[in-house]
Amino acid sequence: MALIIDGVVESEINMVVKAGHAGRLLPMIDDLLRLNRIDRSDLGLIAVGSGPGSFTGIRIGIATAKGLARAIGCPLIGIPTLDALTYGALPAQIPIMPVIDARKSEIFCALYSPDGSLTTPYMNIHPHEVGDFVQDETLFIGNGIGLYEDIFASVLGSRFNKGPRSLWTPRASVIGMMALGRGVEDHPPEVNPIYVRPSDATLLLQRR
């Protein structure tokens, strides 16, 4: 999470949480505000990552952000995770493909031009299928590299350009700056999760 004041990132907390993060979010937000001597009521905009990614993590993050935004009466903007990863890698000289672990030996991904423009839909594919979309040397970022780097390198050869680990996770400050740049008027009033594929619970209900 991050706090941005007058377009400047004042504080940022980035951490990898394996489980149990639902109960930590609000206390961490309060700690961040307290350290900067900011009250919740002073917030003018809240931004949240809207996925794709962990189904549970996305739901918890958006639900927490919605509750906070409604409680203090400020706008809420959702920023797609793949967009945020790409924005954090700009400016670039070559196309960018963020790849996120989607479990089940699959990835969430999309292809972006060097200026950050989306050139494919958000996708849920098997790692070896990236060759169907990547025609040129491309910068790969995201936690999917840690799992499927060998497959990407085998399928793409010299077209696979591995980004540094600092670009593998979306940063809260990037999500906040993107929200400020886009403006509330350019976003729908309701923030909904971007899942790309149905959750296991949805698939189970469909089978029943």
Side-chain angles (χ1 to χ4, degrees), residues 2 12 14-18 47-59 61-62 77-182 186-187 191-200:
E12 182 172 17
N14 290 290
M15 60 186 297
V16 177
V17 180
K18 298 297 183 181
V48 63
S50 55
S54 161
F55 292 102
T56 301
I58 293 169
R59 286 195 297 269
I62 292 179
I77 290 179
I79 299 294
T81 309
L82 294 169
D83 290 4
L85 280 168
T86 300
Y87 188 92
L90 298 178
Q93 301 298 317
I94 56 178
I96 304 168
M97 177 169 271
V99 289
I100 299 175
D101 177 25
R103 308 285 179 88
K104 301 182 179 180
S105 299
E106 296 176 344
I107 56 172
F108 298 125
C109 64
L111 185 64
Y112 296 77
S113 63
D115 67 1
S117 300
L118 185 65
T119 60
T120 69
Y122 303 134
M123 301 180 289
N124 173 210
I125 62 175
H126 292 284
H128 65 268
E129 293 180 288
V130 295
D132 296 337
F133 305 94
V134 176
Q135 307 301 320
D136 305 302
E137 182 183 358
T138 298
L139 176 66
F140 277 71
I141 55 178
N143 64 6
I145 297 175
L147 296 170
Y148 304 113
E149 177 180 353
D150 290 345
I151 294 178
F152 298 149
S154 175
V155 170
L156 299 174
S158 61
R159 288 175 288 167
F160 173 65
N161 190 317
K162 176 183 173 181
R165 285 185 176 271
S166 60
L167 300 178
W168 287 16
T169 54
R171 295 179 63 102
S173 57
V174 170
I175 290 173
M177 295 300 287
M178 290 180 71
L180 287 173
R182 294 183 179 184
D186 296 327
H187 286 261
V191 174
N192 294 307
I194 299 173
Y195 289 136
V196 181
R197 75 174 182 211
S199 66
D200 290 341

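Bear in mind that the values here come from a model prediction, so they are computed numbers and not experimental data.
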Ring geometry between Phe108 and Phe55 (parallel below 30°, tilted from 30 to 60°, perpendicular above 60°): perpendicular

Beyond-backbone contact of Pro114 with Gln93, side-chain heavy atoms, under 4.5 angstrom: no

Over all atoms of both residues, closest heavy-atom pair of Ile62 and Gly49: CG1-O, 4.0 Å

Heavy-atom donor-acceptor pair, Arg197 side chain to Ala102 backbone, under 3.5 Å: yes

Ala2 versus Ala172, closest heavy-atom pair with distance: N-CB, 3.6 Å

Spacing of Leu118 atom CG and Leu111 atom CG [to the nearest 0.5 Å]: 8.5 Å

Shortest non-hydrogen contact between Pro52 and Leu82, atoms and distance: CG-CD1, 3.9 Å

Approximate separation, where rounding is to 0.5 Å, of Ile94 CD1 and Arg159 CZ: 12.5 Å

CZ-CG distance between Arg171 and Leu85, expressed to the nearest 0.5 angstrom: 11.5 Å

Gap separating the CD atom of Glu106 from the CE atom of Met123, nearest 0.5 angstrom: 12.5 Å

Exceeds 12 heavy-atom contacts within 6.0 angstrom, atom OH of Tyr87: no

Nearest-0.5 Å distance that lies between atom NZ in Lys162 and atom CD1 in Ile145: 7.0 Å

Distance-only check: which donor-acceptor pairs under 3.5 Å involve side-chain atoms of residues 136-143, not counting sequence neighbours?
unit_1, atom_1, unit_2, atom_2, d
Glu137, OE2, Asn161, ND2, 2.9
Thr138, OG1, Asp136, O, 2.8
Asn143, OD1, Asp101, N, 2.8

Nearest atoms (heavy-atom pairs only) where Ile96 meets Ala89: CD1-CB, 4.2 Å

Contact check, side chains of Asp132 and Ile125, non-hydrogen atoms, under 4.5 Å: no

Donor on one side chain, acceptor on other, Tyr112 and Asp83, under 3.5 Å: yes

Heavy-atom closest pair, residues Gly78 and Ser50: C-OG, 4.0 Å

Student check: side-chain heavy atoms of Val134 and Met97 closer than 4.5 Å: yes

Contact check, side chains of His128 and Tyr148, non-hydrogen atoms, under 4.5 Å: no

Nearest atoms (heavy-atom pairs only) where Tyr122 meets Ala110: CD2-CB, 4.1 Å

Pairwise side-chain contact, Ile77 with Val191, heavy-atom cut-off 4.5 Å (strictly under): no

Sub-4.5 Å side-chain heavy-atom contact between Met178 and Ile175: no

